[in-house]
Amino acid sequence: MPSRSMLSSRSAVASAPPNIALVKYWGKRDESGNLPAADSVSICLDGPRTKVTMVPSDADEVIWNSERLAEPLLPPYQRVLDALRRPPHRVRIGVTTSVPVAAGLAGSAAVMAALAVAAADYFEVALGDPALSALARCGSGSAARSVPAGFAYWHRGALADGSDSFATSIAGPEHWPELRLVALFLDRERKLVSSTVGMRRTAATSPLYRRWVEACNEAAPRMRDYILARDFAALAAATREQAMHMHATCLTTQPPILYLSRRAVALLETLDTALPTDSWSATFDAGTNPIFLTLSQHLPDLVAALEELAPGIERLVARPGKGAALEAGQPGDTP
Ligand code: PMV
């Protein structure tokens, strides 16, 4: 471990993408390390990335798009830092992101994945991708899947210390360049029930929770096979079933959690009659905004249908993208 004086002139810069889960992470076997109850599968997006810069400071602080985060929001960042540092190392973390966080694109995943990569560089700890993924997981569970490139499989692991709970790449982004993801920002409100509270309540009160966990562990290896075979029809059906299973499970909690909106569900109902079912799919995280999947040849039809059904609503079109990576630091990067 380097000394404080050695670190005082250091800085580190890394970036990471958001990821969209096709098999969802919704339930923890251990809350302190964000250890999941089940395996999950996702795709990193190639568009928006989140950049994290790190420089020495007298006290830990996070400056998010020029605004200082309040003290109570620091623990997830400090869990990542504490895994690598010894007191008295304190840092100032700068976060710049174009990921629309309130829109439910799992913005914390990109931040914590970039933070893990930046922190390993800053504290000069050599970590391979699995260890970086496990480190990112300490800040936010889904961040484990924003470390590897392209299509990621998060192995739930069984060890109490979480060292076997990390994501690995099923295939890089070049494996399926025709795949497209379309996020539709119907609603920019923050979710009413945070994912941490939602997962806790689901595990504690839903009569469907046990079956949900089994279903994820069955679906994840199947989803990996559909990705490897580039079987879009099978992937489309399984993605939608998984998302609806998660939201049905949420609805059976006490009190019930409803993330979906009538408007979003009605949109899917109409699309079902307008487009061939094997040409598109949709998933929802803990929010009301659908994320559609399609292939490049079907994208014009999907976009035209969305424009007709939700005119003027902002969309983000992305392809599978690379994972978290160090960036060359520039003087202007200092937060
Ligand atoms: O934001 P986190 O890491 O607590 O988890 C969010 C989980 C979902 O986005 C709702 C689903 C998923 O697997 O990404």
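As the structure lists them, so they are numbered: ligands from 1, and atoms in each ligand from 1. For this chain, numbers begin at 1 and follow the sequence in order.
Interface atoms of ligand 1 facing Gly141, defined by a heavy-atom separation under 4.0 Å, are 3 (O). Close contacts between ligand 1 and Tyr25 involve ligand atoms 3 (O), 5 (O), 7 (C), 11 (C), 12 (C), 13 (O) [criterion: under 4.0 Å to a heavy atom]. Close approach of ligand 1 to Ala21 is summarised as follows: ligand atoms under 4.0 Å from at least one heavy atom of the residue are 12 (C), 13 (O), 14 (O). Proximity to Ser108 (heavy-atom distance under 4.0 Å) selects the following atoms of ligand 1: 1 (O). Per-residue contacts place Trp26 under 4.0 angstrom from the following atoms of ligand 1 (heavy atoms of the residue considered): 10 (C).
Contact of the Leu268 side chain with the Met244 side chain is registered, since non-hydrogen atoms from C-beta on lie closer than 4.5 Å. With contacts defined as side-chain heavy-atom distances shorter than 4.5 Å, the pair Leu306/Leu267 qualifies.
Heavy atoms of Ala286 approach ligand 1 to within less than 4.0 angstrom.
At most 12 heavy atoms of other shown residues, nucleotides or ligands fall within 6.0 angstrom of atom CD in Glu67.
Checking Arg145, Met246, Lys24 against atom 14 (O) of ligand 1, the nearest heavy atom belongs to Arg145.
Contacts of Ser142 with ligand 1, taken as heavy-atom pairs under 4.0 Å, involve both backbone and side chain.
Inclusion of Ser140 in the set of residues having an N or O under 3.5 Å from an N or O of ligand 1 is warranted. Distances between N or O atoms of Asn19 and those of ligand 1 include no value under 3.5 Å.
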Inset, instruction - Check the pair Glu31 / Arg200 against salt bridge (Lys or Arg N to Asp or Glu O under 4.0 Å), numbers first and verdict last. - result: CA-CA 9 Å; Glu31 211 171 284; Arg200 194 184 296 150; 2.7 Å; yes
Inset, instruction - Could you check Tyr122 against Ile93 for side chain to side chain contact (heavy atoms under 4.5 Å, CB included), going step by step and ending with a plain yes or no? - result: CA-CA 11 Å; Tyr122 183 88; Ile93 294 163; over 6 Å; no
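Between Phe151 and His175, the angle of the ring planes goes over 60°, which puts this pair in the perpendicular group of the 30/60° scheme.
Remark: His245 pairs with Trp212 by the ring-ring contact (aromatic ring centres under 6.0 Å, His included) rule, at least two apart or across chains.
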